[in-house]
J.: 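Below you will find the structure I want to go over with you.
Computation of the quantities below employed the complete heavy-atom set of this structure, encompassing side-chain atoms and omitting hydrogens, waters and symmetry-equivalent molecules. Throughout, protein chains are lettered first and strands after them, A, B, ... in sequence-line order, and every chain is numbered starting at 1.
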Amino acid sequence: MTALTELAKRRGFFFQSSETYGGVSGFYTYGPQGASLKERVEETWRERFAVAEGHMQIDAPTVMPEPVFEASGHLDGFDDMLVECAACGESHRADHLIEDATDIEEAESLPTDEVAALLDAHDIECPSCGAPLAGRPVDEFNLMFETNIGPGTSQTGYLRPETAQGIFVEFPRLKEYARGQLPFGVTQVGKSYRNEISPRNALVRTREFTQAELELFVDPAGNDPDVTPVADVEVTLYPAENQPDGEYVETTVGEAVTEGIVDPWVAYYLGVATEWYETIGVDFERFRYRQHQPGERAHYASDCWDAEADVSAAGEDPEWIEIAGYAYRGDYDLSKHGEHADDSFTVFKQYDEPKTVERASVDPDMAYLGPEFGGAAGAVADALQTLAERDRAAFEGESVTVEVDGEAYEMPTEKTGFEVAAETEAGRHVTPHVVEPSIGIDRTVYTVLAHAYDEDEVDEGERTVLRLTPTVAPTGVAVFPLMDKDGMGERAQDLAADLRSEGYDVTYDDSGNIGRRYRRQDEVGTPFCVTVDYESVEEDPETVTLRERDSTAQVRVETDDLGSVLEALRAGETTFDDL
RNA sequence: GCACCGGUGGUCUAGUGGUAGGACAUGAGCUUCCCAAGCUCAUAGCCCGGGUUCAAUUCCCGGCCGGUGCACCA
C-alpha cells in the first residue's frame with residue numbers, strides 16, 4: 001500500500017485532492033498516468049458489458065431531487081444510528097446493540113428516540129468497556145450529500161449514492177427504447193457520492209467515486225439465461241456457508257449453475273466479469289467471488305456475490321477489498337418507484353395466445369342509485385364492483401346488499417347491471433426483476449495497479465515495474481534517442497510523431513542515460529520502448545531497438561515494420577520471443 | 001466519530017528555541033552511453049491558526065490531513 005501510493009503520487013497515477021489548501025479527506029485526483037489508465041479500464045468495461053452484450057448506455061445527472069431517494073429507500077436506510085460511550089468513547093451502532101440484546105429484528109427502522117429509550121429500558125452496556133449506555137444520545141449520521149437546487153426557497157437535492165438510481169428513474173422511457181422487450185440492459189459509468197464517516201486506504205474508500213453499473217431487466221417468470229458463452233470460464237467462489245472455514249470452490253461458471261451454487265443470471269455476469277478482469281490484468285491468484293452472508297445484504301438484494309481482490313504488498317498479510325457487487329435485486333427498485341412516482345414501472349408482457357377470461361362486472365343504474373342512496377351512491381357502486389369480482393353468487397337473487405361504512409344498502413339486482421362477459425386478455429403488466437453488476441472503478445484501478453506492481457532485479461540492479469497489460473497501459477510505446485546528438489534526436493522525434501499518427505500513445509524522452517529512461521517507463525507500465533541508436537542512423541533500411549518491459553529483452557526491428565510489430569504484440573498475436 | 005502515532009523540497013527522510021542537511025527525482029550541460037548508482041551546475045522544503053517567547057519548523061492548545069486499531073461500509 002505505502003510503496004504503491006508513493007509511486008502513484010510520484011509518477012502521477014493518483015494523489016489526494018486540494019492539498020494546496022490543506023487537503024480534504026476522501027477525494028482523489030487522477031494524474032496524467034492515472035486518468036489515462038482509468039479511462040482505459042472504463043472503456044474496456046463498456047466494450048464488454050455494454051457493446052458486446054448489446055446493452056444501451058445512458059449518462060444521467062449526479063444530482064437528483066429528494067423524492068427519488070425517498071422512493072429508493074436511501075433517505076431512510078442511509079442513516080446510521082450511532083451512540084457514543086461516555087466512559088470509553090467508543091461509538092457503536094445503536095440499532096445493532098438493540099437487536100443483539102432484544103428480540104427486535106429491524107431496529108434500524110425505529111425512530112432514534114425510541115432506540116434511545118430501548119437502550120435505557122434494557123440496560124444495554126457498551127460492548128467495549130461495559131459501561132451503561134442509558135441516557136446517551138443516539139445520533140444519526142447521514143451518508144447522503146445534500147444540496148440545494150435553484151435559488152430562494154429551493155428544492156432539496158442529493159448527490160446520487162449510486163448510478164443505478166439514474167437508470168431506475170428513467171425506466172418508463174428506457175423500456176420504450178427497448179420496445180418493451182425483456183430482457184434488456186442499461187449501463188452507466190459515472191460518479192457517485194457518499195459522505196463516508198471514515199475515508200480510508202487511498203482509492204479504496206472515497207467520498208466521490210466512479211461506478212460502472214449495468215441494470216439488466218429480466219422477466220421474473222422468464223427462462224434462465226444461456227450461460228454457454230461463459231460456461232467454461234473458471235472462477236474462484238467463496239460461498240456464504242464456506243466462509244467460516246475459509247474454503248474456496250474452484251469451478252466453472254457452468255458447473256456453478258448446474259450445482260445451484262450461484263443464481264444463473266448472477267453466474268452469467270461472473271463469467272463476463274472474469275473475462276473482463278483478465279483483459280485488464282487482475283491476478284486471479286489474488287481474486288475471489290465472495291457470497292454475501294444473509295445479514296450482510298443491502299436492503300434490496302436477494303443474493304449478492306462480491307468480487308474481492310487482495311491488494312496487499314508482497315510478504316504482507318492478505319488485504320481483501322470489495323471491488324464489485326453482482327446482485328439479484330428482485331423487483332425492489334422498480335416497485336418502489338412505481339409506488340412513489342407518477343408513472344408505470346412495468347412492462348406489458350403479451351401472452352403467446354390471448355386468454356379469454358370470464359369477468360364479472362357491474363354497470364349500476366345511477367339514475368336509480370342516486371336518488372335512492374344520495375351521497376353514498378358512488379361508494380355503493382364501487383362496492384358492487386368489488387362484490388362482483390369476489391362473489392358472483394351474491395347477484396343470483398332478486399336483490400343485492402352491499403355494506404358501506406357499516407351501513408347496508410339493498411337494491412334490486414336488475415339495477416346493478418351485473419353481467420359475466422368473456423373478455424380477451426392479450427397479456428399482463430409485470431414488474432421486471434433486476435440483475436445488477438455494480439463495479440467500483442476506482443477500486444478496480446487500484447487493484448490493477450496493486451497486481452501489476454512488482455520489484456525485481458535487472459543486471460543486479462533493483463527495479464520497480466508495473467506489469468500493466470498493453471490494453472490498459474497509459475503509454476503504448478516510449479521512443480528514445482540513445483543520445484540527443486548526431487541526428488538521433490531528430491530521427492526519434494520523427495518516429496514518435498509517426499507512431500502518434502498511427503494512434504499510439506507515445507512518450508518521447510531524451511533525458512538522462514538510457515537505463516534511467518527505461519526505468520522511468522517501467523514505473524508507469526509502458527510495455528515497449530524503442531531506441532534510435534547509431535546503427536539506426538547509419539544503416540539502410542533503418543532499424544531500431546525494441547525493448548520489452550517485462551523481460552527487458554531487446555530485438556532489432558526495421559522501422560517500417562514497427563507499427564505492425566507493435567500491433568501484433570498488443571493484440572497478443574505475437575510474443576516477444578518470436579521476434 | 002473515538003484512540004494511538006505522525007505531518008520538513010516533487011518523493012523518502014535527518015535535525016534544531018536563533019529559518020534547515022542528505023538521498024532519490026527533476027532541469028541545463030558534458031560523456032559512442034542499451035538497463036537507474038559517471039561528472040559539473042541549477043531549481044526546490046519546515047501543514048494551518050492561536051498561545052508562550054526577544055525569537056517557534058522545534059514547546060503548548062486547537063484545526064486540517066495521513067497511517068493503524070475500533071466503529072461504519074448500498
Side-chain angles (χ1 to χ4, degrees), chain A residues 1-3 5-12 15-27 31 69 72-74 77-78 80-85 88-94 96-97 127-129 139 141 143-144 160-165 192 194-202 204-205 211 213 292 296-301 304 306 321-322 325 327 329 332-333 436 438 440 457-465 480-486 488 511-523 529-535 537-538 544-547 549 552-554 556:
Chain A
M1 178 76 83
T2 315
T5 46
E6 190 269 310
L7 172 68
K9 207 189 299 188
R10 191 160 43 80
R11 288 299 184 196
F15 50 85
Q16 200 186 8
S17 300
S18 304
E19 278 196 318
T20 46
Y21 286 89
V24 56
S25 185
F27 294 91
F69 301 111
S72 70
H74 285 103
F78 222 37
D80 286 344
M81 284 182 276
L82 295 178
V83 60
E84 187 187 325
C85 174
C88 70
E90 293 287 326
S91 284
H92 302 278
R93 279 284 293 263
H96 289 180
L97 296 179
S128 307
C129 71
D139 294 322
F141 190 87
L143 299 174
M144 297 283 283
R160 63 186 179 192
E162 55 174 357
T163 58
Q165 294 306 324
S192 293
R194 299 176 189 179
N195 202 2
E196 294 287 354
I197 297 172
S198 178
R200 283 286 163 88
N201 294 358
V204 174
R205 194 186 307 167
Q211 289 184 305
E213 295 195 296
H292 278 201
E296 185 181 359
R297 288 194 293 264
H299 56 271
Y300 49 71
C304 185
D306 281 345
I321 63 168
E322 171 193 341
R329 288 177 81 133
Y332 178 90
D333 301 279
E436 181 195 71
S438 171
E457 282 201 2
V458 175
D459 293 351
E460 295 175 17
E462 287 184 5
R463 74 164 178 165
T464 300
V465 56
F480 315 139
L482 184 62
M483 298 173 70
D484 189 11
K485 60 191 290 191
D486 300 332
M488 288 184 284
S511 169
N513 76 45
I514 190 71
R516 176 168 307 204
R517 283 176 267 166
Y518 284 143
R519 298 304 165 86
R520 275 186 201 131
Q521 294 307 315
D522 289 342
E523 284 201 341
C529 294
V530 171
T531 301
V532 174
D533 51 27
Y534 282 97
E535 274 183 66
V537 292
E538 286 161 3
V544 290
T545 302
L546 179 63
R547 181 257 195 188
R549 176 196 64 203
T552 74
Q554 303 187 355
R556 289 207 77 81

J.: If you go through the side-chain atoms of A:Arg205, does one of them form a donor-acceptor pair with the base of B:C72 closer than 3.5 Å?
T.: yes
J.: Let me have a per-nucleotide readout for nucleotides 34-47 of chain B, 5' to 3', with B, S or -, counting only protein heavy atoms under 4.0 Å.
T.: BBBB----------
J.: Report the distance from atom CZ of A:Phe27 to atom P of B:C64, rounded to the nearest whole Å.
T.: 15 Å
J.: A:Tyr518 and side chain to side chain contact (heavy atoms under 4.5 Å, CB included): which partner among A:Arg463, A:Glu523, A:Arg549, A:Arg547?
T.: A:Arg547
J.: Could you state the CD-C1' distance from A:Glu19 to B:G66, rounded to the nearest angstrom?
T.: 9 Å
J.: Are A:Glu213 and A:Arg329 ion-paired here, with the side-chain N under 4.0 Å from a carboxylate O?
T.: no
J.: Applying a 3.5 angstrom cut-off to the pairing atoms, does RNA chain B sit in any stems of at least three consecutive Watson-Crick or G-U pairs? List them by first number.
T.: B:1-7 with B:64-70, B:10-13 with B:21-24, B:26-30 with B:38-42, B:47-51 with B:59-63
J.: For A:Ser438, which contact category applies under a 4.0 Å heavy-atom criterion: base, sugar-phosphate, or nothing?
T.: nothing
J.: OP1 or OP2 of B:G66 sitting under 4.0 Å from any side-chain N/O of A:Ser25?
T.: yes
J.: Tell me whether the OP1 or OP2 atom of B:U32 has a side-chain N or O from A:Lys485 closer than 4.0 Å.
T.: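 Yes, because at least one side-chain N or O of A:Lys485 sits under 4.0 Å from OP1 or OP2 of B:U32.
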J.: Which listed nucleotide (B:G27, B:C65, B:U32) is nearest to the side chain of A:Gln16?
T.: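 Of B:G27, B:C65, B:U32, B:C65 is nearest to the side chain of A:Gln16.
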J.: Side chain of A:Arg200 only, heavy atoms from C-beta on: which candidate in B:U32, B:C65, B:C70 is closest?
T.: B:C70
J.: Say we look at B:U11 and B:A36: how far apart would their C1' atoms be, to the nearest angstrom?
T.: 15 Å
